[in-house]
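One structure below.
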There are 2 protein chains.
Amino acid sequence: MSSTAARPGTPTLDQVASLAGVSRATVSRVVNDSPRVSPTAREAVRAAVETLRYVPNRAARSLVTRRTDTVALVLSESGTQLFSDPFFASIVQGLSAHLADTDRTLVLLAARDRREQEKIGRYARQGHVDGVILLSLHSDDLLPGILASSRVPLVLSGRPLDGREVSYVDADNAGGAAAATRHLLAQGRTRIATITGPLDMVAGLDRYAGYRSALEAAGRTPDPDLVDGGDFGEVGGMRAMSRLLDRAPDLDAVFVASDPMAAGALQALRTAGRRVPDDVALVGFDDAPLAQACDPPLTTVAQPLGEMTALMLELLLRRIEDADAPVETRVCATHLVRRASA
Amino acid sequence: MSSTAARPGTPTLDQVASLAGVSRATVSRVVNDSPRVSPTAREAVRAAVETLRYVPNRAARSLVTRRTDTVALVLSESGTQLFSDPFFASIVQGLSAHLADTDRTLVLLAARDRREQEKIGRYARQGHVDGVILLSLHSDDLLPGILASSRVPLVLSGRPLDGREVSYVDADNAGGAAAATRHLLAQGRTRIATITGPLDMVAGLDRYAGYRSALEAAGRTPDPDLVDGGDFGEVGGMRAMSRLLDRAPDLDAVFVASDPMAAGALQALRTAGRRVPDDVALVGFDDAPLAQACDPPLTTVAQPLGEMTALMLELLLRRIEDADAPVETRVCATHLVRRASA
DNA sequence: GTGAAAGCGCTAACAT
DNA sequence: ATGTTAGCGCTTTCAC
């Protein structure tokens, strides 16, 4: 082969240039929407781009611009657990929606074990993405450390458990849980149980802490028999509810720390022949399809997911534009959504 | 600035070279595990890489190699629907696991609407990924067309509905559904209903076709009253089951086309006071947490997900290595998993 | 407004 | 076994 005639599959900038009868620089300007181009030239280039079906080569571009226009959402989760969580789906949806208006693309990266975590660290360091949003942190997660030390702009979804200095966006989990518990207290419930999430995750811990604090503020002593835990999933909620019923059949309310667990708990209650909400009142966490499909629909604590995703992106973009931007953290309010009984 | 001293943040190949006292080429050889390097040089380079924390720049590398070592799993789904499907989680898990042994990385791309589909098409064309596995195809999906015409190596998960010539891997959905239905017939069930998936998806269509063909082979005429549909999700299954019970309270079995829908159907049956499996027998599709957590565990049709993901990757890598490799298609057997009643 | 030229950091012949 | 050299396709001064 002589010059660049190797693979006719992908047209290059100067093929467009010669077809349009201008220089590479001009084509580049048109492609990048520079104002310093005459309408005539612009039109000629556009036409050439069209005929050749030209698409700029990202590698070449980011080699010089040092940007990829890609941000990653990293899911650090051992099992496939996370995928079934509507919370996760909402985050993806929110980020996608915000990014749709820009020319950046969202990619999802899953790290199920240590090996994959390191692989993702390398991926980020190699400059494949401009920034990272990190989701679902267990206390033993290596990724925050790996990514933080790799100088990749980083925003966490959820406050880091180890007090590390990183930008993050979180919901007021403790406040929401406390509000839910107070709601049950105000109904006159006296034996209020809880199904917690994993206690090595900040959302699990904070929601449990909120439940306890509301109980204590009301002068109640939390009863260990009324506490059980799941993994935020439906099956876990079902099992936890069964155990609670075994240990404390006299319970009259449950604060459940996630929507799928609430759906599971509801099944267990029905299987045990308990009536909801008269006999046992249930409050879930997180507005989601399952809670809304219940009959009657569950009262839940709602997080402002749209606001949270917008904030994550805002914080991340700030750090991408300015590498030395200060660490910023945001905590979003949660609120109780009471649903009319059917 | 004079030469390349701009950002000391990212060391380059020749910084490593001069520190190690060798040429760039040698460093490149070491980094790429070429055997043609002396142990001495190799060690010197390794040390320099270590001190400088050198990581190769992916853009520069793929500019010359024309590879990115990245494959994308593209999820084409209007809602957040897909994420809650355990089938999807298993696919991700399987692909991740296979890729973990290689130096390729898996990225997930979500296309929720037309705009995002086009964006993903561009992303692929720009050379960000070496190949694409495309999941969850509705009949009106634009992505197969967009990607096929963009010359990106492509493998579909599921037979394309329009008969387009593309490589794909599919499960024998019709065969599995027929086996499930025959199983119910063999039990002496006479009023066998079905909850179908979306009928604009190949998995939905094929499973419904399998149900019908088994019925017809047994000399039964399918009764429209015994057919209802959901979106593969739990809530959809619950609602479909309620409708079926309204229309045909005498039904004595249901073949449900997905695991979450089966869980939903089970709830609806219990709410209606029907006993499972004595009163109404249930067969689900897809081994998944919900079906296994049922009491008694559901009999289900299992797809060989591990085998399927391995095949997808195999087909895709073949097309990546050799752009002119022929279109290949695989259909994997499914089989009935009978679970002992509790 | 437009073109010429210099690289971005890397790999891959080709010499040695 | 190692160094030299020539680009990969693009953006971006800097002249004109």
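Every chain is numbered from 1, with letters handed out A, B, ... down the list of sequences.
Here OG1 of T105(A) is found 8.0 Å from CZ of R122(B). Values are rounded to the nearest 0.5 Å. The structure places OG1 of T329(A) at 10.5 Å from CZ of R159(A), a figure rounded to the nearest 0.5 Å. Taking CD from Q117(A) and CG from L142(A), the interatomic distance works out to 5.0 Å, rounded to the nearest 0.5 Å. Here the CG atom belonging to D140(A) is positioned 11.0 Å from the CG atom belonging to D162(A), to the nearest 0.5 angstrom. Between the CE atom in M312(B) and the CG atom in D170(B) there is a gap of 8.5 Å [rounded to 0.5 Å].
What separates CZ of R67(A) from C1' of dG9(D) is a distance of 17 Å, to the nearest Å. Atom-to-atom, CG of N57(A) to P of dC8(C) comes out at 18 Å; the value is rounded to the nearest Å. In this structure, D14(A) places its CG atom 14 Å from P of dA5(C), rounding to the nearest Å. Protein atom NE2 of H128(A) is 14 Å distant from nucleotide atom C1' of dC10(C), rounded to whole Å.
Checking each of V22(A), V30(A), V45(A) against V37(A) for a side-chain contact (heavy atoms from CB on, under 4.5 Å) leaves exactly one that passes, namely V30(A). Of the residues L106(B), T102(B), L99(B), the one that meets the side-chain contact (heavy atoms from CB on, under 4.5 Å) test with L313(B) is L99(B).
A donor-acceptor contact under 3.5 angstrom links the side chains of N32(B) and R61(B), judged on distance only.
Salt bridge E328(B)/R330(B): present, at least one basic N to carboxylate O contact under 4.0 Å.
Within residues 39-50 of chain A, no residue has any heavy atom closer than 4.0 Å to DNA chain D.
Each end of the helix from dG1(C)-dC16(D) to dT16(C)-dA1(D) gets its own axis, taken as the rotation carrying the C1' atoms of four end pairs onto the next four within a five-pair window, and the two axes meet at 30° to the nearest 10 degrees.
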Going 5' to 3' through nucleotides 11-16 of chain D, assign each nucleotide B (protein heavy atom under 4.0 Å from a base atom), S (under 4.0 Å only from sugar-phosphate atoms) or - (no protein heavy atom that close).
BBB---
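At distances below 3.5 Å, not a single donor-acceptor pair connects side-chain atoms of D69(A) with backbone N or O atoms of D103(A).
OP1 and OP2 of dC10(D) both lie 4.0 Å or more from every side-chain N or O belonging to R58(A). Contact between the side-chain N/O atoms of T26(A) and the OP1/OP2 oxygens of dG3(C) is found at a separation under 4.0 Å. The phosphate of dG9(D) has neither OP1 nor OP2 within less than 4.0 Å of any side-chain N or O from T12(A).
Taking the six-membered ring for Trp and thresholds of 30 and 60 degrees, H128(B) and H128(A) have ring planes inclined between 30 and 60 degrees apart.
Heavy-atom distances to DNA chain D give each of L63(B) and S38(B) a nearest nucleotide, and the one nearer the 5′ end belongs to S38(B).
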